[in-house]
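What follows is a single structure, written as structure tokens, with notes after it.
Per chain, numbering begins at 1; letters A, B, ... match sequence-line order.
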Number of protein chains: 2
Amino acid sequence: TSTSNLPIDGPDASFALGSFGGRIHSQQLFPFPDALDEESKETIKLMIDPFEKFFREVHDPAQSDLDEAISQKSIDGLKELGGMGLQVPQKYGGMELKNTQYGRLCEIIATYDLSIGIFMGAHQSIGYKGILLYGNEKQKEKYLPSLVSGDKLAAFCLTEPSSGSDANSIQTKAVLDSDGKHYILNGNKIWISNGGLADVMTVFAQVPFQSSDSEKVSQRVTAFIVERDFGGVTNGPPEKKMGIRSSNTASVYFDNVKVPVENVLGKVGDGFKVAMNILNNGRFGMGAGMSGLIRMLIAKSIEHANNRVQFRRKLIEYQSIQEKIAKMAITHYAVESVAYAVSNNMDRGIKEYQVEAAISKVLGSESGWNTCDECLQILGGIGYMREANIERFMRDLRIFRIFEGTNDILRLFIALNGVQYAGNHLKELQKAMKEPISNFGTLWDQGIKRSRQFIGISNNEELIENAAPQLRDSASKITQRIEEFGVTVEKLLLKYGKQIVDEQFLLTRLADASIDVYTMAAVLARATKAIKENLPTAEHEQLLATTFIDEASDRTERNLGSVIGKRNLRNFSSYSQIASQISQQEGIATTRPLGF
Amino acid sequence: TSTSNLPIDGPDASFALGSFGGRIHSQQLFPFPDALDEESKETIKLMIDPFEKFFREVHDPAQSDLDEAISQKSIDGLKELGGMGLQVPQKYGGMELKNTQYGRLCEIIATYDLSIGIFMGAHQSIGYKGILLYGNEKQKEKYLPSLVSGDKLAAFCLTEPSSGSDANSIQTKAVLDSDGKHYILNGNKIWISNGGLADVMTVFAQVPFQSSDSEKVSQRVTAFIVERDFGGVTNGPPEKKMGIRSSNTASVYFDNVKVPVENVLGKVGDGFKVAMNILNNGRFGMGAGMSGLIRMLIAKSIEHANNRVQFRRKLIEYQSIQEKIAKMAITHYAVESVAYAVSNNMDRGIKEYQVEAAISKVLGSESGWNTCDECLQILGGIGYMREANIERFMRDLRIFRIFEGTNDILRLFIALNGVQYAGNHLKELQKAMKEPISNFGTLWDQGIKRSRQFIGISNNEELIENAAPQLRDSASKITQRIEEFGVTVEKLLLKYGKQIVDEQFLLTRLADASIDVYTMAAVLARATKAIKENLPTAEHEQLLATTFIDEASDRTERNLGSVIGKRNLRNFSSYSQIASQISQQEGIATTRPLGF
Ligand SMILES: Cc1cc2nc3c(=O)[nH]c(=O)nc-3n(C[C@H](O)[C@H](O)[C@H](O)COP(=O)(O)OP(=O)(O)OC[C@H]3O[C@@H](n4cnc5c(N)ncnc54)[C@H](O)[C@@H]3O)c2cc1C
Ligand SMILES: Cc1cc2nc3c(=O)[nH]c(=O)nc-3n(C[C@H](O)[C@H](O)[C@H](O)COP(=O)(O)OP(=O)(O)OC[C@H]3O[C@@H](n4cnc5c(N)ncnc54)[C@H](O)[C@@H]3O)c2cc1C
């Protein structure tokens, strides 16, 4: 992955990666990033009302859900708003929004209709994003204007029947024609959003590749811009789904499609990188969207809790309801802080954000799901009815933990990036230890402190110094967790070496620790800002932050403890044994209570 | 509630209640209950195939879901199977099944279609259950035969717009007519399952009640058998819902309905008790159903994990997938053990089962939901498609945590019953302490052991003695948790006194502890039985049991710690503060990152 070649601790250094090495890189979070200049803020501010108005007056999400399609009226409305080319430079007709500006709109969209959000995102966040990121000038000029106006629709075609998470294993093939001017494209893609509607597609296919140092021809993933008009492009019927029903999802078939060589996107053989970077680049939007949605769900919950009376009291007077509402609010603060930290960092040109973006996606999609579930529970029976407009969000939300990288795969991605970072770091340390003039060797046994001392940089006061005085305790908790994190990862690396990549029981827990640690730091930075700026909401934000950090810190301690605790390791091996028996039995392997 | 008048520690004593007092009442669980005689087992065994066949060959759940109705063919099929009168005595034409037998069928029904399960349950598990439990001979003879045959359909009408969890607050009124022969019934019920179809309804209404010692007329809930044919009974259109779409849910309106006095069910003024006991009596069925459904979901998950290849390996070879599968299997073992423990205990006439039945409902409905969610996740994109037949279960499952007592209310029910039991117990102890001949007073400070010593019964070796030798460690963990449970509840009672009823932060955690403790004990008993009987699956069951108990014991320790821990109590008060600010703001009370 990309981290291995990067400087370990530059000024842009990733906070999330650093924590795997027990290091605190606070530059990305302190002061809480705010990358938009006044003009950019003014621009996006002016877009909020028209977008709100569109969703309140033009677009009918409940009806689209029933129709399993988006009305022409809604599509026209979106086009008028510039909604089909939000991040494209103005010279191609787009709105040229920065990521943070785009994120603010994602909040609105997700508040009303996730399904139209997917329609829009499949088009611009992944569909033609490749052209924006990797296209040459000619490709941009040719394709962007009609995509931006919405006259043409885009889609992103990666997934295949035998290739989902493992994108490198796709079977679709593109072979250079004898004339040298075209590739002949053959293959089947499935579950493509906008697949039944798109005119222009970013398609990934294997291209035979003769490397200079070998006789053997290998296959390398390559990205292509494919027009439906090339001929040979067909699609299946719209899939029937749990949710996001108005978003068209369809198989797309390529049958001897002639794709001009000019339509290779990026370099031949670079397609996997292109695909991953498109996804990395778009992930922040989900965090922002989820934060908007959670805000709406809280409003809905509190409206009910403030008004519904049972047992002679308003629901909000009951502690269990208070706990649910408070947890929603704390979650919202976490999701929103992370989403805006990531998009602002991207906007100020920081390149090392892919782990943070993955964290934002996992945190956002799971928080959205859980909050919606609790909102429905607070509403009770009414929440289960279509008219309450919650069950639709619940159905729609379920896909967010699966697509654009399943949350399980993203957890592995977070942990493996982190562990690799720490591994590189450890190698340097080990090299340093071998030098006779260094007497680091004697420090090996000093436990919790050694990582810090090894590094030779006592930078671990950074968080405490940066935090508002009222948040020092919280900052010191995070600092302790990061030190433990570094020590834990070091132990694991010494114990498992490279085999750590297969230790998913451990990796998923490291990922959870990483998600919590990064989120705690983002929340700390945000609340610090509120306090330093004397915002009227500062006290409330402080309460959200301290409560979140207290609980997340405990969780992190448990997660870190579990990857080295004997009892946990025994239970992990029990999981494997149990699963293996279930696997052999192809189901439950116990005797029924009645015997039959 | 009912516990206050019951002997605290009779031979039937409830395990769950006992644990709140630090006591181990193992009679209900050791040996693992098995109440059916051979003949009863043979009967139910013979019913399995026909029911399976009905679901595989006659009934089409996916189509019913789309139609939002159950086909006549399916209803006829159910009638033929005797499926409309499963627990009614044979003299009224029913199948006279015991609870455990009925539970085994619930497993099958839930495996295929939860929605038809609600149709059946609304009819017999709540709709006419009141007639079975409280009806006089005349009422039974008049109503049961046609309900059992399915010629007539039943419904249970309790909920009203302003009265859900708080059933005592219903507004529907029944006033004795001047002729003294009829009650005149007026009111509106909502969300009544089978409400648009039912011919015979159990309806709850307030009846003016002149108590002997007071001038004032109070209102007392009373149950009535109401026929649609009485006139004045109408219903609203079928509600559009997230799931269980083929189960009819409708409002039912009573407009000056003339109900003969003979149709009072139970005594005038006893309606609340009637309603609660119908619900208590039917709750075990959900646990059994969920256990069947989880079994199916595991088979579905493992089929996919055994076959799907990504990154050149079958999914089942990855530890994260193994963990998911193992947790599903452990959960299944827990849910199944509890469900069968409860139904068997009911069948052998144990009266003190309402807390255990509530535990079974909460555990079952949450486990079903979580397992379905993980199954969908393991299947990835395909799981989101209607054709995979998982999303339907997910939608259907969501209601199980809401109806027949929301899980939140049931948690309060579990905890309050337990605390009340422990309170009565404590009072006795305090009385004992005042007697001069007793020197118990000196024991007050002995910490963890004192409950046991107080009681004067060193019965806390019971679990360890009853457990199979291989499970002694697990038994001793449960024993420790129960001792801590008793001490913790005692502390809380001394600290909060009667005010404990409002301390929901604490009560919900006590409920979680209670659910875990009871489930651990049930699992211990079941695995002990497997070991003692030398079942071929004994080793596997032992592994499931030890892993579950290890993890549940940790959770219990945390839950018990959290109700007295200073840091937790501070966070609880933060929840209240945060919620109060959200409540005042009617939504999120922070400043947006962009300021707008
Ligand atoms: C509504 C919808 C819209 C979509 N839109 C698009 C689109 O526009 N363009 C596009 O290209 N694709 C699209 N997809 C596909 C989507 O990106 C994939 O579903 C997703 O990548 C997961 O792949 P999969 O479903 O094949 O699951 P798999 O990769 O088969 O994974 C199945 C399960 O196994 C787990 N797993 C896989 N590998 C491992 C491992 N090594 N270790 C541990 N666990 C593992 C996964 O986490 C998951 O839980 C869409 C899908 C849906 C449902
Ligand atoms: C599909 C469906 C079928 C149904 N079928 C029937 C039927 O056949 N017959 C029938 O009579 N009813 C039926 N119901 C009604 C069902 O039993 C109620 O929805 C349920 O009792 C909850 O009541 P409620 O929805 O009014 O929620 P409320 O009681 O208003 O509760 C709302 C929320 O507040 C919480 N809450 C309430 N009181 C407290 C408290 N004191 N402390 C803390 N939290 C509290 C609840 O847990 C819940 O989360 C059905 C409902 C549905 C949706």
Worksheet item: Any side-chain heavy atom of Gln377(A) sitting closer than 4.5 Å to one from Ile402(B)?
Response: yes
Worksheet item: Under a 4.5 Å heavy-atom cut-off, does chain B meet the side chain of Asn306(A), its backbone, both or neither?
Response: side chain
Item to complete: Would you mind checking if Glu391(B) and Arg395(A) are paired as a salt bridge, meaning a charged N to carboxylate O distance below 4.0 Å?
Response: no
Fill in: Interchain contact, Ile409(A) with chain B, by part (heavy-atom threshold 4.5 Å)
side chain
Worksheet entry | Segment of Ser165(A) engaging chain B (4.5 angstrom heavy-atom cut-off) | both
Response to the item:
Cut-off 4.5 Å, heavy atoms of chain B, and the answer for Arg411(A) is neither
Worksheet entry | Atom group of Phe572(A) that falls short of 4.5 Å from chain B, counting heavy atoms | neither
Fill in: Under 4.5 Å from any heavy atom of chain B - which part of Lys314(A)
neither
Worksheet item: What part of Gln310(A) is in contact with chain B, defined as an atom under 4.5 angstrom from a non-hydrogen atom: side chain, backbone, both or neither?
Response: both
Worksheet entry | Side chain, backbone, both or neither of Phe403(B) within contact of chain A (heavy atoms, under 4.5 Å) | neither
Worksheet item: Taking NZ, NE, NH1 and NH2 as the nitrogens, is one of them in Arg313(A) or Asp166(B) under 4.0 Å from a carboxylate oxygen of the other?
Response: no
Worksheet item: What pairs with Tyr318(A) under ring-ring contact (aromatic ring centres under 6.0 Å, His included), at least two apart in sequence or on another chain?
Response: none
Discussion item. Is any side-chain heavy atom of His540(A) closer than 4.5 Å to one of Gln577(B)?
Written reply: no
Worksheet item: Short question: side chain of Arg392(A), backbone of Met242(B) - any donor-acceptor pair under 3.5 Å?
Response: no
Worksheet item: Is a donor on one side and an acceptor on the other found under 3.5 Å between the side chain of Arg386(B) and the backbone of Glu239(A)?
Response: no
Fill in: Main-chain N/O of Ala299(A) paired with Glu586(B) side-chain donor or acceptor, under 3.5 Å
no
Worksheet, complete the sentence: Ranked by heavy-atom pairs below 4.5 Å to chain B, first place among Arg558(A), Glu107(A), Lys300(A) goes to Arg558(A)
Worksheet item: For Asp554(A), is it the side chain, the backbone, both or neither that has a heavy atom under 4.5 Å from a heavy atom of chain B?
Response: side chain
Practice prompt. Answer with side chain, backbone, both or neither: which region of Leu535(A) has an atom nearer than 4.5 Å to a non-hydrogen atom of chain B?
Written response: side chain
Worksheet entry | Lys327(A) side chain reached by Ile578(B) side chain, heavy atoms, under 4.5 Å | no
Discussion item. Applying side chain to side chain donor-acceptor pair (under 3.5 Å) to Thr537(A) and Thr591(B), what does each step give before you reach the verdict?
Written reply: CA-CA 6 Å; Thr537(A) 57; Thr591(B) 304; 2.6 Å; yes
Discussion item. Is Ile582(A) in contact with chain B via its backbone, its side chain, both, or neither, using a 4.5 Å heavy-atom distance?
Written reply: both
Worksheet item: Side chains of Tyr384(B) and Thr249(A): closer than 4.5 Å at any heavy-atom pair?
Response: no
Worksheet item: Is it the backbone or the side chain of Ile382(A) that comes under 4.5 Å from a heavy atom of chain B, or both, or neither?
Response: both
Discussion item. So for Ile390(A), is it side chain, backbone, both, or neither that comes closer than 4.5 Å to the heavy atoms of chain B?
Written reply: neither
Fill in: chain B contact via Pro33(A) - which portion, at a heavy-atom distance below 4.5 Å
neither
Worksheet item: Hey, which of Gln322(B), Gln319(B), Glu323(B) is the one that makes side chain to side chain contact (heavy atoms under 4.5 Å, CB included) with Gln504(A)?
Response: Gln319(B)
